[in-house]
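Lettering follows sequence order; numbering is per chain, from 1.
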Amino acid sequence: MKQEVVEIIRKALESLQEKWGLECLPDIDIEVPKNEKMGDVATTIAMGLTKSLKRPPKKIAEEIVDEIRGGFKGGDIFESVEIAGPGFINFRLKNEFLHAGLEQLLIEEHSSLRADMGKGHKVQVEFVSANPTGPLHVGHGRGAAVGNALCNIMEAAGFEVQKEFYINDAGLQVKLLGESVFARYLQMSGYDAPFPEDGYKGDYIETVAEEIIKRAGDEYLNKTIEECGDFFSDYAYKMMLADIERDLKDFGVVFDRWQSEKELYERGSVQSALAALHEKTLLYEKDGARWFISTRFGDDKDRVVVKQDGEYTYFASDIAYHKDKLDRGFDTIINIWGADHHGYIPRIKSVLEAFGLPKEKFRVILIQMVALLRHGEPVQMSKRAGEFVTLREVIDEVGSDITKFIFLTRRADSQLEFDIEVAKEQSAENPVFYVQYAFARISSIFRQAAEKRVRGFEGSRVQDVGAGFKPDLSSTLALLTENEELSLIKKLLQYPMVFEGAALSCEPHRITYYLQELAGMFHSYYNKHRVISDNEELTNARLCLCRAVQIVLKEGLSMLGVSAPERM
RNA sequence: GCCCCCUUAGCUCAGUAGGAUAGAGCACAGGUUUCCUAAACCUGGUGUCGCAGGUUCGAUCCCUGCAGGGGGCGCCA
C-alpha cells in the first residue's frame, strides 16, 4: 500500500521539480491519519517543503494535488485527494485498490508482510547475558522476550541475525559462587564452615552442593578453598548455565551462540585486543595502571584496562569481546542491557569506534525493571537475601506466551508492572487472550465452514482454507463493501508499515499494539456481521477476509514469539 | 556533586524520527446472546500533555531553566 502511494507522490514531485528549481527531492513519508474521517493515508510533504520553496504549505499542496489529479494514474488508486489543515494531503483509497491489496495478501501470505530492509547485512544481537551465578529472574525474562522478538523482526526484515549470550565466567562473581557452594558443601557434610560474607544465599546453592556430594562424596572435605575453588566455581556455574539455558528454551528463546569470557582470555583475545589499541596509541600508563583513552570518542573519562596489581579489569575483556564481534564480520551491533548499565554505553561505544565501527551501527536497548505484583501488591525481591522471583516460577505459574506478550506491551525502556494474578486471569484484562482469541475464533469459523461444506473451504486444516478458491478471488473480494470490512482491510494493509517502523526503531512493542487493535476490530466485526450465511458468494468473501486477518495475526504473534492457537 | 532516563485521563500506558479535534486498555455506569466461541460486542467522559521560557508557519515531541520520581557514578562485576 505504502509503495504505490509514495510512487505516485514521487512522480508528481518529479514533474514539479524543474519548475520549483529543486536540486533533490525530499524523502516522502506517508502516515495514517489519526482520525479515519480525514482519509486513509496522508503526507506532510507540502509542509516539509515550505522551507526550501519559501512558500506557504497550502499553495505547495495545491500544486502537488493538481499534478496527481492531472495524471500519474492517481485515479486508479485514489477515490479522493484533498488538502486539509495546515497543508496535509489526504488520500482516500478506492475499494478496488483495497481489494487488490487483500488479494495479494491472500496469495503471497507472509512474504507480502515482510520487507528486505537488511539486504543480508549481518547483525549481532547480544542479550540476557546474565551472570551464571544463579537462576534467571523476571528482569532477565523481559530482556529475553524483547531480544528474541527483535531478532525475529530483524530476520523478517532481511537481516542475517545472530543471537548471542555472553557468559561472565571469569570474574569475582563466579569465584564467590564457588566459595558459597564450597561452604554449603562443608556445612552439609557436618562441618562448621564460615559462609562468605557476600556469598550467594539462595536455595540453589544447596542444590549444587548436594549434587557435588552425590558425585564426589567427601573428596574435598579436607581441602582448602585455594585447592578446590576452581572446581567448585566451574561445577557450580556450569550447572547454573545449564539451568539458564533450559529456562530460556522453555521460554521459547534459543541462542545461536554462547560466548565465554574465560575463553576470550584463554585464546589470548584480551591481550591482542589491548595490543591493537596500543598500536592505535589509544592506551597510556598512569599511576601504575594502563588506561584506554575513551575520552577521544566522547566518554567523560578515560577507563582503566589493567589495574595497578597487573590484573585486567572487567572492561578489558569487554574490549576483547566487542572487538571479536567486529572481527566476526558483523556490521551492526545491538546490545540489550538492563537499564542499570546505561553508564556503560559511552565506553563500549568508544571501543567500537576505536575499532572502526560507525557510531550509528551500534545500538543499545535498555530494559527497565519489571515490578512484579500479586493482586496489586508488590512482590518483594531481594537477590541478596536469596529471595527473588525467578523466570522459571513465572513461566510455570503464568505460562511463556502470556509472559512474553506482557513483557512486550510496553516500550523496553519504560517500567513495567506485571501482575501475576491478572496475567493468569484469562479475561479481557489480559491482552494476550484477546489477540489469541481472535485467531482461535477465526479457526473456529473455518471449522464451521468445513462442516457446512462451504465451497472452497472444505479443508479442515487452516492452511487449506480457501485454497481451492483462488481463480475467482478478485470478483469475490469485491463483495466486501461494509464499512467494518473496508476498515479491516485497511488495517491489514497497514501492517507492513508498522512492521517497518518496529524494525527501524528496534521497538517490538509497536507490533503488540497493532495486534491488539486488529484483534479489537475483528471482534467488533464478528459481532456485527455474520461470516457464514446463506449467501454463498458473500460467505466466501468474508471467509477470505477472515483468512487474511488470521495471516496477519499469526505473522505478528510469531514476531513476538507468541503462539497462535487454533482452539482455546 | 556530575551524568542519563522518566513525568500524557482516576490507574497502567501508546502517541508512528515537529503536524490536523492528543489516543487505547483497565476501572466506573448501562445495555447486547433463538445466531460462526459472551475469553466477545455496543453506548456513555474525563486531559493547564509536570512548570516556565525559547526555536518554528506549527511543539506532547527539539533547546534552556526549574520541580518531582527512578537509575548510574569505583583500578567492583
Intermediate values then yes/no, salt bridge (charged side-chain N to carboxylate O under 4.0 Å, His left out), A:Arg92 and A:Glu82
CA-CA 9 Å; A:Arg92 201 168 293 280; A:Glu82 277 161 2; 5.5 Å; no
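- Of the side-chain N and O atoms in A:Tyr344, none sit less than 4.0 angstrom from OP1 or OP2 of B:C73.
- At a threshold of 4.0 angstrom between heavy atoms, the contacts of A:Gly501 with the nucleic acid are absent.
- When distances are taken from the side chain of A:Asn90 to each of B:G15, B:A20, B:A77, the shortest belongs to B:A20.
- Nucleotides B:C11 and B:C5 have their C1' atoms positioned 22 Å apart, rounded to a whole Å.
- The side chain of A:His523 lies closest to B:A40, out of B:A20, B:C75, B:A40.
- Among the nucleotides B:C36, B:U12, B:G15, the one closest to any side-chain atom of A:Glu507 is B:G15.
- If you check B:U34 for Watson-Crick or wobble pairing at under 3.5 angstrom, you find it has no partner at all.
- Nucleotide B:C2 is matched to B:G72 when pairs are restricted to Watson-Crick or G-U wobble geometry with both distances under 3.5 angstrom.
- Across all strands shown, B:A27 forms no Watson-Crick or G-U wobble pair with both distances under 3.5 Å.
- Side-chain atoms of A:Glu261 and A:Ser317 include a donor-acceptor pair closer than 3.5 Å.
- Note on A:Leu172: only backbone sugar-phosphate atoms sit closer than 4.0 angstrom, heavy atoms only; bases stay farther off.
- Taking atom P in both B:A20 and B:C61, one finds a spacing of 12 Å when rounded to whole Å.
- In terms of phosphate contacts, A:His509 brings a side-chain nitrogen or oxygen within less than 4.0 Å of OP1 or OP2 of B:G15.
- The side chain of A:Ile445 approaches B:C36 more closely than any other nucleotide in the set B:A20, B:C36, B:C75.
- The phosphate of B:C41 has OP1 or OP2 within less than 4.0 Å of a side-chain N or O from A:Tyr434.
- The side chain of A:Arg441 lies closest to B:A38, out of B:A38, B:A14, B:C36.
- Remark: the A:Arg510 side chain and the A:Ser505 side chain contain an N/O donor-acceptor pair separated by less than 3.5 Å.
- Across the protein-nucleic acid pair, A:Phe407 atom CZ and B:U12 atom P stand 19 Å apart, rounded to whole Å.
- The phosphate of B:G74 has neither OP1 nor OP2 within less than 4.0 Å of any side-chain N or O from A:Lys307.
- Atom CG in A:Asp340 sits about 18 Å away from atom P in B:C4, given to the nearest Å.
- Looking at the side chain of A:Gln448, the nearest of the listed nucleotides B:A20, B:C41, B:C36 is B:C36.
- Look at B:A39: it lacks any Watson-Crick or wobble partner with both distances under 3.5 angstrom.
- The side chain of A:Glu417 lies closest to B:C13, out of B:C13, B:C36, B:C75.
- The side chain of A:His342 lies closest to B:G71 when the candidates are B:G71, B:A38, B:C75.
- Rounded to the nearest Å, the gap between the C1' atom of B:G25 and that of B:A17 is 26 Å.
- Interatomic distance, A:His341 NE2 to A:Leu366 CG, rounded to the nearest 0.5 Å: 10.0 Å.
- Considering SG of A:Cys546 and OH of A:Tyr525, their distance stands at 6.0 Å, rounded to 0.5 Å.
- Remark: A:Arg411 is not in phosphate contact with B:C5, judged by side-chain N or O atoms under 4.0 Å from OP1 or OP2.
- Residue contacts shown for A:Ala438 are absent, as no nucleic acid heavy atom lies under 4.0 Å away.
- Among the protein residues, A:Asp287 comes within range of the nucleic acid bases, having at least one heavy atom under 4.0 Å from a base atom.
- Nucleic acid contact for A:Gln308: base, since at least one base atom lies under 4.0 Å from a heavy atom of the residue.
- Comparing B:A77, B:C36, B:A14 by their nearest atom to the side chain of A:Val531 picks out B:C36.
- Residue A:Ala440 is in base contact, counting any heavy-atom pair closer than 4.0 Å across all strands shown.
- Counting to the nearest Å, the C1' atom of B:G70 and the CG atom of A:Leu366 are 13 Å from each other.
- Contact check, A:Ser524 against B:C42: a side-chain N or O comes under 4.0 Å of OP1 or OP2.
- Heavy atoms of A:Val32 sit under 4.0 angstrom from at least one base atom.
- A:Tyr526 carries A:Arg441 over the face of its six-membered ring, with the cationic atom under 6.0 Å from the centre and within 45° of the normal.
- Projected onto RNA chain B by closest heavy-atom contact, A:Arg347 and A:Met47 fall at different nucleotides, the more 5' of which corresponds to A:Met47.
- Taking a pair to require two hydrogen-bonding distances under 3.5 Å in either a Watson-Crick or a G-U wobble arrangement, B:A77 remains unpaired.
- For A:Ser414 and B:A14, the shortest distance from a side-chain N or O to OP1 or OP2 is below 4.0 Å.
- A:Arg303 comes within 4.0 angstrom of the backbone, heavy atoms only, and of no base.
- Ring pair A:His509/A:Tyr513 is perpendicular by interplanar angle, where above 60° counts as perpendicular and below 30° as parallel.
- Note: A:Trp291 and A:Tyr284 have parallel aromatic rings, judged against thresholds of 30 and 60 degrees for the angle between ring planes.
- A 3.5 Å limit on both hydrogen-bonding distances identifies B:C66 as the Watson-Crick or G-U partner of B:G50.
- With both pairing distances under 3.5 Å, B:U56 is matched to nothing as a Watson-Crick or G-U wobble pair.
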